[in-house]
There are 2 protein chains.
Amino acid sequence: MFVRITTDRTPRPNSLSDLGMTSGSNSIVSLSEFTYKKGTEIFGEKEPAEYVYQVKCGAVRSYKLLSDGRRQIGAFHLAGDIFGLENCGAHRFTAEAVVETTVRLIRRQRLEQVAETDAIVSRNLLSMTTSNLQHAENHMLLLGRKTSLEKVAAFLLEMDGRLSAAGVMALPMSRLDIADYLGLRLETVSRALSRLHEARILDFIGHNQREIVLLDRRRLARFDLPS
Amino acid sequence: MFVRITTDRTPRPNSLSDLGMTSGSNSIVSLSEFTYKKGTEIFGEKEPAEYVYQVKCGAVRSYKLLSDGRRQIGAFHLAGDIFGLENCGAHRFTAEAVVETTVRLIRRQRLEQVAETDAIVSRNLLSMTTSNLQHAENHMLLLGRKTSLEKVAAFLLEMDGRLSAAGVMALPMSRLDIADYLGLRLETVSRALSRLHEARILDFIGHNQREIVLLDRRRLARFDLPS
DNA sequence: CGGGGGCTTGAGGCCACTCAACGATAGTGG
DNA sequence: CCACTATCGTTGAGTGGCCTCAAGCCCCCG
């Protein structure tokens, strides 16, 4: 549980692309790619923030730990998402690849330089930070005030919006990850999913139970109360 | 409980001062002041964000509601704090005065104009948003993974750092506010405070129980686990 | 075929919630 | 000055939702 496999986490330059940070014709920002194996750490909490990342494919969890091992996952980052964006010099989360994950990356310092002169890039930085803040605010409401069933329903609807393809969502993360995202135990998550399955609100396909079809979004949304 | 007293919430221009938004000699930004009575709404969730606010004196709670009335307070804003800073056009929280509160305010549009041309102001905006994000991230860990005693201990330490004067902190907010901030019931908060009082970790002074002396920060900090 | 990881399910326990009573204080009006 | 009321905080008793611990299943992989 507490063993940390230390691998070479030094990114190697690979290609150039768009981090959503270019402003019009200004694509000065050079990018490289790197692939992390399932379960490996991308960066650790309090490490100096050298890079900013964008998920090309795969999934990333970022979390905080208490000293006794309790874990709170603050966010999952899926294809297209940017993470590791810090204002101060150090990361405030640990980030790990949930599955094999390829990321694009850019030196933080370089990005700051560009932001200094380019108002569009600067505004994009603010806009992304605000998005993160908005997600965190909604998640506080979930963590503090929703029941286990409401939490799981909210999670499914969030993931449905972010990774559903052809009516089926293939969750990359385990029940334990979901539990640590929702402030629950994995058994509680499992029980909630079973209840939603019994109620014919969702269906499982595939061999493990990570591929889910939402049969009745309307009824699911009723569990996740509106504000 | 659900009655909302509608008062005149239109701010009247009053004075000029510093919102922490001036960059060097650039103090173009004009400010006015407004005072809200205890319990009155400053702005509502989803209202267009016309102003940005700074607490001059008093205290503000910002919160989200579920449709059945469950409330999650995302933050308390005390003297000096800036709140109501939104990127999109609408507020994401409701803000209310916890006690009689005077705020400085600035038109959001005006601030955005200045930020457009002034890189320092722009950077300050990002920096403040990041602070809010950081607070929210830590609060998610608290809400999702801490016990009631740990939550209350963390709350006391936070408030100690923010409003302790001469060794005693005068909490402006009620037990219900604290509970809704920590994802607990007010009875649970009260019990936790009683336990900490029994353990001679804190003491109450004054007639109501809102003035608190921390006798042993070291032992209190042990309840709020390090990360 | 044995072992391990991930998921489900059951049984029992505990922590926080619910409901209720009570005390203290402040404000109000007779 | 004293009811009377409203608000806020504390405390107790009992409940319940989620947690804990455990067993068992399935699938994959050696």
Side-chain angles (χ1 to χ4, degrees), chain A residues 1 3 5 37-39 61 66 68-72 98-99 142-153 155-156 170-198 202-212 223, chain B residues 1 3 5 37-39 61 68-72 98-100 142-153 155-156 170-198 202-212 223:
Chain A
M1 194 59 152
V3 178
I5 302 161
K37 288 205 197 64
K38 175 178 172 174
R61 57 178 172 251
L66 292 176
D68 62 358
R70 279 175 284 176
R71 182 177 69 156
Q72 179 62 47
V98 174
V99 291
L142 177 147
L143 290 170
R145 288 302 176 212
K146 290 187 182 179
T147 67
S148 62
L149 208 54
E150 290 164 353
K151 286 177 175 180
V152 171
F155 170 77
L156 290 172
L171 298 177
M173 70 291 284
S174 69
R175 299 293 191 259
L176 179 58
D177 286 333
I178 300 173
D180 284 351
Y181 180 58
L182 300 178
L184 297 171
R185 300 281 117 176
L186 65 91
E187 296 95 328
T188 305
V189 171
S190 181
R191 277 183 245 271
L193 287 171
S194 295
R195 285 187 56 186
L196 294 172
H197 179 60
E198 285 168 29
L202 60 82
D203 219 339
F204 296 109
I205 62 179
H207 36 290
N208 60 12
Q209 307 289 80
R210 291 198 194 175
E211 291 171 32
I212 292 178
F223 285 106
Chain B
M1 195 57 154
V3 178
I5 300 158
K37 287 204 197 66
K38 174 176 175 176
R61 57 180 171 250
D68 63 357
R70 280 175 284 175
R71 182 178 70 156
Q72 179 63 46
V98 173
V99 291
E100 173 144 328
L142 177 147
L143 290 170
R145 287 302 176 216
K146 291 187 181 177
T147 66
S148 63
L149 208 53
E150 290 165 352
K151 286 176 175 179
V152 171
F155 170 77
L156 290 172
L171 298 177
M173 70 289 285
S174 69
R175 299 294 191 256
L176 179 58
D177 286 333
I178 300 172
D180 283 351
Y181 180 59
L182 299 178
L184 298 171
R185 300 281 119 178
L186 65 92
E187 297 95 329
T188 306
V189 171
S190 181
R191 278 183 244 272
L193 288 171
S194 295
R195 285 186 56 188
L196 293 172
H197 179 60
E198 284 167 30
L202 62 80
D203 218 340
F204 296 108
I205 61 178
H207 38 288
N208 60 10
Q209 307 291 79
R210 290 197 194 176
E211 291 171 32
I212 293 178
F223 285 106

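So you know, we letter chains A, B, ... as the sequences are listed, proteins then strands, and number each from 1.
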Handout entry: Spacing between B:R70 atom CZ and C:dT18 atom C1', to the nearest angstrom
Key = 15 Å

Exercise for the section: Compare every heavy atom of B:V189 with every heavy atom of B:V152, then report the nearest pair and how far apart it is. Expected result: CG2-CA, 4.3 Å

Exercise for the section: Between A:R145 and A:E187, name the one whose nearest nucleotide on DNA chain C is closer to the 5' end. Expected result: A:E187

Handout entry: Check: B:R145 side chain, A:L184 main-chain N or O, donor-acceptor pair, under 3.5 Å
Key = yes

Exercise for the section: Would you kindly check whether a donor in the side chain of A:R191 faces an acceptor in the base of C:dG10, or vice versa, at under 3.5 angstrom? Expected result: yes

Exercise for the section: Give the rounded distance in Å between these two atoms: NE2 of A:H197 and C1' of C:dT8. Expected result: 12 Å

Practice task
Walking along DNA chain D from 5' to 3', note the first and the last nucleotide with an atom under 4.0 Å from a heavy atom of chain B, and give both.
Solution key: D:dC8 to D:dA13

Completion exercise
In short, B:F204 meets B:R175 closest at the heavy-atom pair CE2-NH2, 3.9 Å

Completion exercise
Rounded to whole Å, the CG-P distance (A:N208 to C:dG5) equals 16 Å

Problem - Sidechain N-carboxylate O distance under 4.0 Å for B:R70, A:E150 - result: yes

Handout entry: Nearest atoms (heavy-atom pairs only) where B:L142 meets B:K151
Key = O-CE, 3.3 Å

Exercise for the section: Would you indicate, yes or no, if C:dT9 has its OP1 or OP2 atom less than 4.0 angstrom from a side-chain nitrogen or oxygen of A:S194? Expected result: yes

Practice task
Please state whether the phosphate of C:dC17, meaning OP1 or OP2, lies under 4.0 angstrom from any side-chain nitrogen or oxygen of B:T188.
Solution key: yes

Handout entry: Nearest-Å distance for atom pair CG/C1', residues B:L182 and C:dA16
Key = 13 Å

Practice task
Check the distance between C:dG6's C1' and A:M173's CE and give it to me in whole angstrom.
Solution key: 15 Å

Practice task
Pick base, sugar-phosphate or nothing for A:L184, based on heavy-atom distances below 4.0 Å to the nucleic acid.
Solution key: sugar-phosphate

Completion exercise
In whole angstroms, the gap separating P of C:dT8 from CD1 of A:I178 amounts to 9 Å

Handout entry: Length of the CZ-P vector between B:F223 and C:dC15, whole Å
Key = 14 Å

Practice task
Would you classify B:G183 as touching base, sugar-phosphate or nothing, given that sugar-phosphate means primed atoms plus P, OP1 and OP2, and contacts are heavy atoms under 4.0 Å?
Solution key: sugar-phosphate

Practice task
Rounded to the nearest angstrom, tell me the gap between atom CD in A:Q209 and atom C1' in C:dG5.
Solution key: 14 Å

Problem - Nearest non-hydrogen partners of B:T188 and B:S148, listed with the distance - result: CG2-CB, 3.6 Å

Handout entry: Minimum-distance pair of heavy atoms, taken over all atoms of B:A179 and B:R185
Key = CB-C, 3.4 Å

